[in-house]
2 protein chains.
Amino acid sequence: MVQYSKKIQAVPEPTIRRMPSYLAFAEGLLRKGQQFVSSTQIANYMNIDPTQVTKDLSYTTIVGKTRVGYEVKAIVDVLSEFLGFSVMDNAFLVGAGSLGSALLHDSGLNHFGLKIEAAFDINPATIGRKINDVEVFHIDQFRDLAQELNVIMGIITVPAENAQTVADLMVAWGIKAIWNFTPARIKVPDDIIVQNTTLYSNLAIIFNKLHQDKREE
Amino acid sequence: MVQYSKKIQAVPEPTIRRMPSYLAFAEGLLRKGQQFVSSTQIANYMNIDPTQVTKDLSYTTIVGKTRVGYEVKAIVDVLSEFLGFSVMDNAFLVGAGSLGSALLHDSGLNHFGLKIEAAFDINPATIGRKINDVEVFHIDQFRDLAQELNVIMGIITVPAENAQTVADLMVAWGIKAIWNFTPARIKVPDDIIVQNTTLYSNLAIIFNKLHQDKREE
DNA sequence: AATCAATAAAGAAATTTTTCTTTAATAAAA
DNA sequence: TTTTATTAAAGAAAAATTTCTTTATTGATT
């Protein structure tokens, strides 16, 4: 009886995935000056069941008022705090190729609590360059800089076949969480947090639905 | 009794999400010259249950051989076909800001069957520029170019508050699928395929686990 | 003041997804 | 040739997630 992933997770992952959208919606309402919002309104916006919304929000300290709804400002404040968007964490990115430099260009990460302090690569052509104000170093310098800059997250954007090597180095360097953008799955000690994000999975889902439509025609 | 999403979907979405990783693993084995691979090996690589792998692969035409496993080449061929990675589809991207230009820089999309033919924006500073060989046009030119270039997918990378407007325009232009990178949820007719991809949701999941660790300490 | 309608919240049921169990096949070993 | 061990596959059970139902609250309406 092997346990493949020890989920001692209070908040379901689908819930956390929906929360940033609740937040975005509430921020919009706040800008428009709306003070309260009901689960029905949020659900209508999200195309989901209203009880799903109340269940999701019940994981936070937000409480609604009968016949009134939730306070918009409370949703904004509590959710950004809850999702960790209001505290800035430092990260290093390894692999300043196409996807890596893509992420470096996205200043949205900054707004959501992630600061990429430096990037690393082995390609002499990119080392020394600055991408969107983030300097690219040789990967050998990771250790020293990680200690210096209090970095807790490593972002992997190298080719899939090198993902494990980079992960091993990150673990050795004392990183706490790894955001893995390659389709490769990495092996790390139990206390290291790994989040796999494969953009191309989303593409696969779209293609699958497109093909399904063709089948139904 | 309202139906919030008509899932007449044969293949479960979690299955499709795992498949690109199976593919990446199989491609690696193929390069190393390995001819067969067992569900146990794949499962070990993925950190999941072996029966999950067999179930997932059973949705395709791939069949395994008892005591031998699956043919690596079959996995590569069938999965890339199944996931739609072997046929090229054309897309337009609207919003050539940080995330948008980030995606334009990622040539990985090309390898997975998506060709971004053109980008659109309303910012005069970016219109006329080329990002990674993709030209940025004024959004008013979308309709003509979409017809001309046989584009079936629209990628939304504008600020969240403009997502619905862009979606409406895309639908009016006859797009079949929308890849929405904003946390905003968009409303479109039932026959339009929408895939929401919020990078920051993944960030939220990592932060949640990091904070959970703190709670347990 | 009484009634009505909209809502949050809690719990139950249904659905979906994952994990476990059993069976049958077959390559390798004895 | 027989036995053993490994594996895919199918089905059952368990777990997780979503949807439905009920209850209680309360602002709005009559």
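Here is the naming used below: chain letters follow the sequence lines, and residue numbers restart at 1 for every chain.
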List the atom pairs, donor and acceptor, that lie under 3.5 Å between side-chain atoms in residues 111-121 of chain A and the rest of the protein, sequence neighbours left out.
from	atom 1	to	atom 2	distance (Å)
Glu117(A)	OE2	Asn90(A)	ND2	3.4
Asp121(A)	OD1	Asn123(A)	N	3.1
Asp121(A)	OD2	Ala96(A)	N	2.8

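Rounded to whole Å, atom C1' of dT7(C) lies 15 Å from atom CG of Asn44(A). Taking atom CD1 of residue Ile42(A) and atom C1' of nucleotide dT7(C), one finds them 12 Å apart after rounding to whole Å. Atom CD of Gln52(A) is separated from atom C1' of dA8(C) by 15 Å (rounded to the nearest Å). The distance from atom CG of Asn47(A) to atom P of dT19(D) is 11 Å, rounded to the nearest whole Å. As rounded to whole Å, 10 Å separates atom P of dT17(C) from atom CD1 of Ile16(B). Regarding Asp49(B), its CG atom lies at a distance of 14 Å from the P atom of dT7(D), rounded to whole Å. Rounded to whole Å, atom P of dT7(C) lies 8 Å from atom CD of Gln41(A). When the P atom of dC20(C) is taken as reference, atom CD1 of Ile48(B) falls 13 Å away, rounded to whole Å.
Applying the salt bridge (charged side-chain N to carboxylate O under 4.0 Å, His left out) criterion to Arg67(A), with sequence neighbours excluded, gives no partner residue. Every residue was checked against the salt bridge (charged side-chain N to carboxylate O under 4.0 Å, His left out) condition with Arg143(B), not counting sequence neighbours, and none meets it. Taking Gln164(A) as the reference, Ala167(A), Asp168(A), Ile186(A), Lys187(A) meet the side chain to side chain contact (heavy atoms under 4.5 Å, CB included) condition, with sequence neighbours excluded. For Tyr22(B), there are no ring pair (Phe, Tyr, Trp, His ring centres under 6.0 Å) partners, not counting sequence neighbours.
Outside the 6.0 Å centre-distance limit, the rings of Phe36(B) and Tyr70(B) are not counted as a close aromatic pair.
Contacts classified as side chain to side chain donor-acceptor pair (under 3.5 Å) and involving residues 153-162 of chain A (residues at least two apart or in different chains) are not found. Among residue pairs with one or both ends in residues 198-207 of chain B, none qualify as salt bridge (charged side-chain N to carboxylate O under 4.0 Å, His left out); sequence neighbours excluded. Within the structure, every pair that satisfies the salt bridge (charged side-chain N to carboxylate O under 4.0 Å, His left out) test and touches residues 50-61 of chain B, not counting sequence neighbours, is listed here: Arg18(B)-Asp56(B). Counting only residues at least two apart or in different chains, salt bridge (charged side-chain N to carboxylate O under 4.0 Å, His left out) contacts with residues 192-208 of chain B are absent.
With the nearest nucleotide of DNA chain D identified for both Thr15(A) and Val68(A), Thr15(A) has the one nearer the 5' end.
Looking at heavy-atom distances under 4.0 Å, Ser38(B) makes contact with sugar-phosphate atoms alone, never a base.
The aromatic rings of His105(B) and His105(A) sit parallel, their planes meeting at an angle under 30°, below the 60° perpendicular limit.
Residues from residues 18-29 of chain A lying near DNA chain D, meaning a heavy-atom separation below 4.0 Å, are Arg18(A) in numerical order. Applying a 4.0 Å cut-off to non-hydrogen atoms, the residues of residues 53-66 of chain B that approach DNA chain D are Lys55(B), Val63(B), Gly64(B), Lys65(B), Thr66(B), listed by residue number.
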Extract from the structure each pairing of a protein N or O with an N or O of nucleotides 3-5 of chain C at less than 3.5 Å, listing the distance.
from	atom 1	to	atom 2	distance (Å)
dA5(C)	N3	Arg67(A)	NH1	2.7

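Ser201(B) and Arg17(A) share no donor-acceptor pair across their side chains, judged by distance under 3.5 Å alone.
For dA8(D), one of the phosphate oxygens OP1 or OP2 lies less than 4.0 angstrom from a side-chain nitrogen or oxygen of Ser39(B).
Here the nucleotide nearest the side chain of Pro12(B), chosen from dT7(C), dA9(D), dT17(C), is dT17(C).
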